[in-house]
Enquirer: 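Structure below; questions to follow.
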Number of protein chains: 2
Amino acid sequence: MPSEKSPVNVFQNPSIVRAKEIIKNGISHRKTLILIGNCWVDYHGRAGSKLFPGERIVIMKEDGSLLVHRSTGYEPVNWQPPGCIFEANLKENVLEVKAIRRKPAETVVVYFDKLYLVSVLDLEDFGEFALHASEEDMQKAILTEPSLIEPGFKPVTYEKKVEPGFMDIYGIDSQGRFVVVEIKRKTAGKEAVLQLARYVESVKSMVNREVRGILVAPSIAKGVQRLLETLKLEFKALSPKKCAEILSKPEIKKLEEFL
Amino acid sequence: MPSEKSPVNVFQNPSIVRAKEIIKNGISHRKTLILIGNCWVDYHGRAGSKLFPGERIVIMKEDGSLLVHRSTGYEPVNWQPPGCIFEANLKENVLEVKAIRRKPAETVVVYFDKLYLVSVLDLEDFGEFALHASEEDMQKAILTEPSLIEPGFKPVTYEKKVEPGFMDIYGIDSQGRFVVVEIKRKTAGKEAVLQLARYVESVKSMVNREVRGILVAPSIAKGVQRLLETLKLEFKALSPKKCAEILSKPEIKKLEEFL
DNA sequence: GAGTGGATTTCGCAT
DNA sequence: ATGCGAAGTCCACTC
């Protein structure tokens, strides 16, 4: 019998009855559980699904999230986001693991008739997570280094609300013309262009004079180039990586002025 | 020593050296692996991230997908979709597990200094997965039972391409007027309305006469109701569940005519 | 609590 | 390969 204080307790080929006890205990102590065995799954809620028997990995986390993973695929085949209530019950030598969510009302039930492994985990994890090169990073980079757009560009505001939504950056060019900047961290598609067009139209109708629209992205989808030209919008190539590099320079401190 | 044919082989608290051997062997045999231990993670690719040390669950699947899960959250903190090449190497008593992707060029490296559990899996999973109440189900339900839209409605085509994209359903009402139907499986927001508006505009400009636009969804976002009216579009309440029920009736066979 | 938009979105389908 | 849109998307943030 492994010590109760080990971060990982493992039970191999437990009987269904034994598994139920271990899992019930794990749930009541808010442990993270890993179950591997032969199972089938029903889901009812926003949609509904039925997964027929097979061997899978089930993870029940401390925060009430549930994942059912097959041996292929990035995504779980069934799941439930955090906040579920877990239940484990025995019915005719079948173990039922339920994850119940209130809003929206949803249930995932996993039925096991054979468990190869039940593991009870107590993981200590306080490590920080830092992500770079997001769209937000691109915005910050442009705000600290407006010449990335073009010489003489001066940001006025960012995340400014106009009727259709929020403009990423709004500013003035070297000629004093108004400029709306729309940022995308990956290849810009039709949607990005139409979004920018709506912002430009909206600003134009308010100020009643010329407004430039500049789409900033690492690249632009092929068919969309024409749409961009038709709408008299402009494109400026800029990659999230380049932006991340700029932000990693000492001058990031300039940013603080904006916050 | 567990049999090589067991679907689940478990190694508890292996040394780093031993773990490397097990993992290398698992990779070369295309097994699914579960690693639990103290690790830190670097990611470089479309974006970049750094995860500082902590105890986590790592899954390496047969198809080359990688998941790094913390003890909370539905989503993995780091990951790589299927198609990666895995490597396991030892550097100064630290185990490096690498997942390398070619297109886009990306790398996730997980560094372990302590492993509590290494499990090598050989899961048999041929169970079918069936999902109900998707947007596609709603489309099918309307095609088999057009009166769901309104009495006298007759679908003409579906997934028909017009300039802005694909119309979900296109048909004719009891008065002979053209109708564009846009389907959403959940509360319709601004985007859905604008999408429908573009389709209606596009068809109108082609046929040069009145075209109705009907948004089909379980409900409509509050502020969006006004937008809908402004654009002279209509709304028809219909839930994916109701559609799924209709499809579960024996008459589904009518559907085959469409396929 | 609802609405809005981003995401290392992933995934599937069509061109 | 690329483009496009859905997803049981999830998630963070605002109102």
Side-chain angles (χ1 to χ4, degrees), chain A residues 41 43-49 65-68 73-83 101 103-108 129 131-139 159 161 164-166 168 182-192 195 219-225 240-241 244, chain B residues 41-49 65-68 73-83 99 101 103-108 129 131-139 159 161 164-168 182-192 195 219-225 227 240-241 244:
Chain A
V41 185
Y43 158 64
H44 290 283
R46 288 165 294 175
S49 72
S65 45
L66 173 82
L67 305 169
V68 181
Y74 159 82
E75 294 181 324
V77 58
N78 278 111
W79 73 91
Q80 210 54 233
R101 196 181 175 191
K103 193 99 201 311
E106 296 196 301
T107 321
V108 172
F129 177 72
L131 179 70
H132 310 288
S134 57
E135 179 177 316
E136 190 186 350
D137 277 2
M138 293 181 73
Q139 192 188 57
E159 298 299 333
K161 174 131 182 76
F166 291 84
D168 288 334
E182 174 67 29
I183 304 167
K184 288 294 162 204
R185 67 175 307 286
K186 47 178 196 175
T187 303
K190 193 186 301 181
E191 295 231 342
Q195 202 176 335
S219 59
I220 187 165
K222 217 184 320 165
V224 181
Q225 178 81 47
K241 277 209 155 177
Chain B
V41 185
D42 285 347
Y43 158 64
H44 290 284
R46 289 164 292 176
S49 74
S65 46
L66 173 81
L67 305 168
V68 180
Y74 159 83
E75 294 181 324
V77 58
N78 278 113
W79 73 90
Q80 212 51 230
R101 196 182 176 191
K103 191 110 204 312
E106 296 197 300
T107 319
V108 172
F129 177 71
L131 180 69
H132 309 287
S134 57
E135 181 178 314
E136 190 185 350
D137 277 2
M138 294 182 73
Q139 193 188 56
E159 298 300 336
K161 173 130 181 77
F166 291 85
M167 294 182 291
D168 288 335
E182 173 68 28
I183 304 168
K184 288 293 160 204
R185 65 176 309 286
K186 46 179 198 176
T187 304
K190 193 187 301 181
E191 293 225 350
Q195 200 175 335
S219 59
I220 186 166
K222 216 181 324 163
V224 180
Q225 179 82 47
L227 178 61
K241 279 209 157 179

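Numbers restart at 1 for each chain; the letters A, B, ... are given by sequence-line order, proteins then strands.
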Enquirer: For B:Gly189 and for B:Ser49, find the nucleotide of DNA chain C with the closest heavy atom, then tell me which residue's nucleotide is more 5'.
Expert: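 In this pair, the answer is B:Gly189.
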Enquirer: In Å and rounded to the nearest 0.5 Å, what is the CG to CD distance from A:Asp168 to A:Gln195?
Expert: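 Going from the CG atom of A:Asp168 to the CD atom of A:Gln195 covers 7.5 Å.
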Enquirer: So which heavy atom on B:Gly45 is nearest to which on A:Lys241, and how close?
Expert: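 Here B:Gly45 and A:Lys241 meet closest at O-CE, 3.4 Å.
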Enquirer: Of A:Ala133 and A:Lys103, whose nearest nucleotide on DNA chain C comes first from the 5' end?
Expert: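 Its nearest nucleotide being more 5', the pick is A:Lys103.
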Enquirer: Could you give the distance from CG (A:Asp137) to CD1 (A:Ile183), rounded to the nearest 0.5 Å?
Expert: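 Here the rounded value is 10.5 Å.
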Enquirer: To the nearest Å, how far apart are A:Glu136 CD and C:dT4 P?
Expert: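 From A:Glu136 CD to C:dT4 P: 21 Å.
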Enquirer: Only counting residues at least two apart or in another chain, list the ones meeting salt bridge (Lys or Arg N to Asp or Glu O under 4.0 Å) with B:Glu191.
Expert: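 Applying salt bridge (Lys or Arg N to Asp or Glu O under 4.0 Å) to B:Glu191 gives none.
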Enquirer: So does B:Lys241 get a side-chain nitrogen or oxygen closer than 4.0 Å to the phosphate oxygens (OP1/OP2) of D:dG8?
Expert: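 So the side-chain polar atoms of B:Lys241 never come under 4.0 Å of the phosphate oxygens OP1 or OP2 of D:dG8.
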Enquirer: For nucleotides 13-15 of chain D, which of its nitrogen or oxygen atoms have a protein nitrogen or oxygen under 3.5 Å away, and what is each distance?
Expert:
none

Enquirer: Would you say A:Gln195 places a side-chain N or O within less than 4.0 Å of OP1 or OP2 belonging to C:dT4?
Expert: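 No, no such contact exists.
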Enquirer: Between A:Gly189 and A:Ala221, what is the shortest heavy-atom contact and its length?
Expert: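 Result for this residue pair: CA-CB, 4.2 Å.
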Enquirer: Any idea which heavy atoms bring A:Pro81 and B:Tyr74 closest together, and the distance?
Expert: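 Shortest heavy-atom contact: CA-CB, 4.2 Å.
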Enquirer: Of A:Ala221 and A:Tyr43, whose nearest nucleotide on DNA chain D comes first from the 5' end?
Expert: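 Looking at the nearest nucleotide for each, A:Ala221 comes out on the 5' side.
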Enquirer: Quickly work out the B:Glu159 CD to D:dA6 C1' distance and round it to whole Å.
Expert: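 Distance check: B:Glu159 CD to D:dA6 C1' gives 11 Å.
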Enquirer: Return the value, rounded to whole Å, for the distance between atom CG of A:Leu67 and atom P of D:dC10.
Expert: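 Value for this atom pair: 12 Å.
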Enquirer: What is the distance, to the nearest angstrom, from the CD1 atom on A:Ile220 to the C1' atom on D:dG3?
Expert: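 About 13 Å, once rounded to whole Å.
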Enquirer: Calculate the interatomic distance between A:His132 atom NE2 and C:dG6 atom P; express it in whole Å.
Expert: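 Nearest whole value for this atom pair: 22 Å.
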Enquirer: How many Å lie between NZ on B:Lys161 and P on C:dC13, as a whole number?
Expert: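 Interatomic distance, NZ of B:Lys161 to P of C:dC13: 18 Å.
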Enquirer: Nearest whole Å is fine: how far is C:dG5 P from A:Ile183 CD1?
Expert: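 One finds 15 Å between P of C:dG5 and CD1 of A:Ile183, rounded.
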Enquirer: So B:Phe129, base contact, sugar-phosphate only, or nothing? Heavy-atom distance under 4.0 Å.
Expert: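 Here B:Phe129 touches no strand at all.
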Enquirer: Mind checking the CE-CZ spacing from A:Met138 to A:Arg185? Nearest 0.5 Å is all I need.
Expert: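 So the CE of A:Met138 and the CZ of A:Arg185 are separated by 8.0 Å.
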Enquirer: Does B:Lys222 place a side-chain N or O at less than 4.0 Å from the phosphate oxygens OP1/OP2 of C:dG1?
Expert: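 No.
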Enquirer: With a 4.5 Å heavy-atom cut-off, do A:Ser49 and B:Leu131 have their side chains touching?
Expert: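 The answer is yes, as the side chains (C-beta and beyond) meet within the 4.5 Å cut-off.
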Enquirer: Using atom CG of A:Leu131 as one end and atom C1' of D:dC11 as the other, report the distance to the nearest whole Å.
Expert: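 Checked: the CG to C1' distance equals 13 Å.
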Enquirer: Over all heavy atoms of both residues, which pair between B:Thr187 and B:Ile220 is shortest? Give the atoms and the distance, please.
Expert: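 It is CG2-C, 3.8 Å.
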Enquirer: Quick test: give all pairs of protein nitrogen or oxygen and nucleotides 9-12 of chain C nitrogen or oxygen below 3.5 Å, distance rounded to 0.1 Å.
Expert:
residue, atom, partner, partner atom, Å
C:dT9, OP2, A:Arg185, NH1, 2.5
C:dT10, OP1, B:Arg46, NH1, 3.4
C:dT10, OP1, B:Arg46, NH2, 3.0
C:dT10, OP1, B:Trp79, NE1, 3.1
C:dT10, OP2, B:Arg46, NH1, 2.8
C:dC11, OP1, A:Tyr74, N, 3.3

Enquirer: In whole Å, what separates the P atom of C:dT4 from that of C:dT8?
Expert: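 Pairwise P distance, C:dT4 against C:dT8, rounds to 23 Å.
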Enquirer: By nearest heavy atom, map A:Thr187 and B:Glu135 onto DNA chain D; which one lands nearer the 5' end?
Expert: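 Taking each residue's closest nucleotide, the earlier one in sequence belongs to A:Thr187.
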Enquirer: Provide the distance between the two P atoms, one in D:dG8 and one in D:dC4, to the nearest whole Å.
Expert: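 Each nucleotide's P atom is 23 Å from the other's.
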Enquirer: Of all the heavy-atom pairs spanning A:Phe166 and A:Glu159, show the shortest one and how long it is.
Expert: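 Minimum heavy-atom separation between A:Phe166 and A:Glu159: CD2-O, 3.1 Å.
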